[in-house]
Amino acid sequence: MSHVRVAARVSGFGTSIFAEISALALECGAVNLGQGFPDFAGPAWVKQAAAEAIAADMNQYAPYQGLPRLREAIAATWRAQGWREPDPAHEVTVTSGATEALFAAMQALIDPGDEVIVFEPFYDAYVPDITMAGGAPRLVRLHPPAPGAPAWRFDPDELRAAFGPRTRLLLLNTPHNPTGKVFSRAELELIAALCIEHDVLVVTDEVYDQLVFDGARHLPIATLPGMWERTLTINSTGKTFSVTGWKIGYAVGPAWLNQALRSAHQWVTFATATPLQVAAAAALESALTNGYYAQFRAEYARRYQVLRAILDSAGLPTLPTEGSYFIMVDISRTGFGSDAEFCRWLTREVGVAAIPPSAFYADPASAPLLARFCFAKRLETLQAAGERLGRLGA
Ligand code: PMP
Ligand code: GLN
């Protein structure tokens, strides 16, 4: 009998909910509004830049911290938004998606036994990222808005109580997946004040920073007074340019945090796909002047309105989304006892796939009864889902 076994740190991990629901959607021929990825092509000029970089033989390892041209384009993007002018040499690092940046950041900044404050529900990778680094998540609930209220909220006292002697870091996500919450200036100021008071670092995942609606404004916590020195801001070009398979992510922050991140990153992937970095640089450079972001937001605002109307009229009341490309709906009146059961039934029997948000809670049984739908889809796809969902009310 062999005593060979896998490491304890991974032995409890199942398959991610995104892989499970996408496979089920494929098997059932369902319209997939589950996993968050666009079903339309990224801009032709972005794809062209990648094709040209490959043809021009930019196919060997890139510098481990990222191509200088891409780091400069990221710095220019920050400057153009009035946030700050990071030094591309020391304050910007390119990673293989936000996913790698998050993993490497936790490896770089957490020691065993350290506590990390995370808002729950949380993007599914966060807790494994923390525990694989030996840290312990300390969860603070986001509460769904009461009917008519504009946004999910947290209780300031619950947040205050989460800070203790072992707190090393707070992991933030705004705009937030899966709730669609965009943290307000007042909320960010409270978080910042507590992090400064307790000398806690912030890693903030802002991959949906260009996707805000209905007058909401995205504010990077790193731009608040006293926060730059303790904050690493993570982003990804996958969402913004509709090329999620490219996995070009990046981190911006003070040199000492980038240095730490690079120390871990060099042993995770070393470097990131060179021609796709060239294309990401071209995309960010062009978007500074060609009006891309305004058009991108307008198209998404339309998709959001279309899907929201479809869901509401199918008897699935929507919660407000301020940012991201997700809508949460209330399923408490569908008769299902769990969101996972509802989402599997909806995928199999109605032919529309959605994600059960209980996958974003440490104790799935404690999750409110909701389902998450993605609107990063062609209008035809949303209409096809609408036709199927229309039968729900019948
Ligand atoms: N963070 C959040 C909040 C996300 O929703 C996602 C993916 N959709 C990621 C990180 C991962 O980004 P990437 O594909 O660049 O690794
Ligand atoms: N972030 C995407 C979502 O929330 C999925 C990414 C993944 O499959 N890991 O749906």
Side-chain angles (χ1 to χ4, degrees), residues 13-26 32-39 42 66 70 74 93-106 118-130 142 152 171-183 203-212 218 220 232-252 265 268-269 272-273 276-277 279-280 283-284 300 321-328 343 347 353-361 370-377:
F13 296 160
T15 317
S16 97
I17 192 66
F18 308 117
E20 182 197 326
I21 295 288
S22 281
L24 187 63
L26 201 64
N32 191 355
L33 304 187
Q35 191 177 21
F37 65 91
D39 74 342
L70 177 52
I74 292 163
T93 301
V94 177
T95 58
S96 296
T99 304
E100 194 228 338
L102 286 159
F103 178 79
M106 294 307 126
V118 188
F119 290 100
E120 183 185 47
F122 44 77
Y123 181 58
D124 71 338
Y126 295 170
V127 168
D129 285 342
I130 294 164
L142 291 174
W152 289 64
L171 177 48
L172 182 68
N173 172 212
T174 183
H176 186 262
N177 180 4
T179 65
K181 175 181 176 62
V182 175
F183 282 71
V203 171
T204 176
D205 174 349
E206 304 188 356
V207 300
Y208 299 104
D209 66 342
Q210 297 298 336
L211 282 171
V212 287
H218 170 71
L232 198 58
T233 304
I234 289 173
N235 209 324
S236 170
T237 52
K239 321 284 165 190
T240 311
F241 294 98
S242 308
V243 287
T244 58
W246 284 13
K247 303 293 289 186
I248 303 293
Y250 56 92
V252 176
H265 159 76
V268 183
T269 54
T272 294
L276 301 182
Q277 289 196 57
L284 289 169
Y300 267 99
T321 286
E322 303 169 288
S324 81
Y325 44 47
F326 304 111
I327 301 182
M328 295 277 252
C343 290
T347 308
I355 295 289
S358 57
F360 303 85
Y361 285 80
L370 303 169
R372 190 198 81 173
F373 290 83
C374 173
F375 54 88
K377 306 294 165 189

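Along the sequence shown, residues carry numbers from 1. The basis for the numbers below is simple: all heavy atoms, side chains too, and nothing from hydrogens, waters or symmetry mates. Whatever order the structure lists ligands and atoms in, that order sets their numbers, starting from 1.
- A donor-acceptor distance shorter than 3.5 angstrom exists from the side chain of T321 to the backbone of F326, with no hydrogens or angles considered.
- Of all the heavy atoms of N173, the ones lying under 4.0 Å from any atom of ligand 1 belong exclusively to the side chain.
- A donor-acceptor pair under 3.5 Å is formed between the side chain of T237 and the backbone N or O of I248.
- Near R372, with a cut-off below 4.0 Å to any heavy atom, the atoms of ligand 2 are 3 (C), 4 (O), 10 (O).
- The shell of residues lying under 4.0 angstrom from ligand 2, judged by heavy atoms, includes F326.
- The closest approach between any non-hydrogen atom of E100 and ligand 1 is not below 4.0 Å.
- In K247, the part holding a heavy atom less than 4.0 Å from any atom of ligand 1 is the side chain.
- Contacts between Y208 and ligand 1 below 4.0 angstrom, taking non-hydrogen atoms only, involve the side chain exclusively.
- Geometric assessment of K377 against the ring of F37 yields a positive cation-pi assignment under the 6.0 Å and 45° thresholds.
- Of the protein's non-hydrogen atoms, S236 OG, 2.6 Å is the one closest to atom 15 (O) of ligand 1.
- The parts of T99 lying near ligand 1 are both backbone and side chain, judged by heavy-atom distances below 4.0 Å.
- Nearest-residue assignment for atom 4 (O) of ligand 2 (options D124, V207, I17, N177; heavy-atom criterion): N177.
- Close contacts of ligand 2 with Q35, meaning ligand atoms under 4.0 Å from a residue heavy atom, involve 5 (C), 7 (C), 8 (O), 10 (O).
- S22 approaches Q35 most closely through the heavy-atom pair OG-OE1, 2.8 Å.
- Residue N177 has at least one N or O atom closer than 3.5 Å to an N or O atom of ligand 1.
- The line from OG of S96 to CZ of F103 is 12.5 Å long, rounded to the nearest 0.5 Å.
- Here the heavy atom of the protein found nearest to atom 10 (C) of ligand 1 is D205 OD2, 3.4 Å.
- Atoms of ligand 2 lying under 4.0 Å from at least one heavy atom of G36, given by number and element, are 2 (C), 3 (C), 10 (O).
- Not one N or O of G34 is nearer than 3.5 Å to an N or O of ligand 2, by distance alone.
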